[in-house]
Amino acid sequence: MTEDPHSPTTAAPTPQPTPTVSAGGATAMHPAGTAAPSGAGASDELPFGIPPDRPEILVGAAFAGGLLAAIILKRLGSD
């Protein structure tokens, strides 16, 4: 160990290479050369057919649902 606090270390584990999709196993969801899907049971789809690259749709729906619930509760609680 050196006295220099900014010297590089090897404290982290060595990263494993990411498996890629071969040309023979390519699909529309996983084109050739992209990262292969992880193990069995992994889900690449979001609910209601929302594309995985657009999670902001779920956030917007959750916000709208919360706002609607607040409006309904406010009307139910007013005299």
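Here, residue 1 is the first one in the sequence, and each next residue gets the next number.
Sequence neighbours left out, not one pair with a member in residues 60-72 passes side chain to side chain donor-acceptor pair (under 3.5 Å). Applying the salt bridge (charged side-chain N to carboxylate O under 4.0 Å, His left out) definition to pairs two or more places apart or across chains, none involves residues 57-67. Applying the salt bridge (charged side-chain N to carboxylate O under 4.0 Å, His left out) test to residues at least two apart or on different chains, none of the pairs has a partner in residues 57-68.
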Please list, one pair per line, the donor and acceptor atoms closer than 3.5 Å that link side chains of residues 54-62 to other protein atoms, with sequence neighbours excluded.
unit_1	atom_1	unit_2	atom_2	d
Arg54	NE	Glu56	OE2	2.6

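Leu73 meets the side chain to side chain contact (heavy atoms under 4.5 Å, CB included) test with no other residue; sequence neighbours excluded.
To the nearest 0.5 angstrom, Leu76 atom CG is 12.0 Å from Ile71 atom CD1.
Cluster membership for Phe63 and Ile50, using ILVMFWY side-chain heavy atoms within less than 4.5 angstrom, is not shared.
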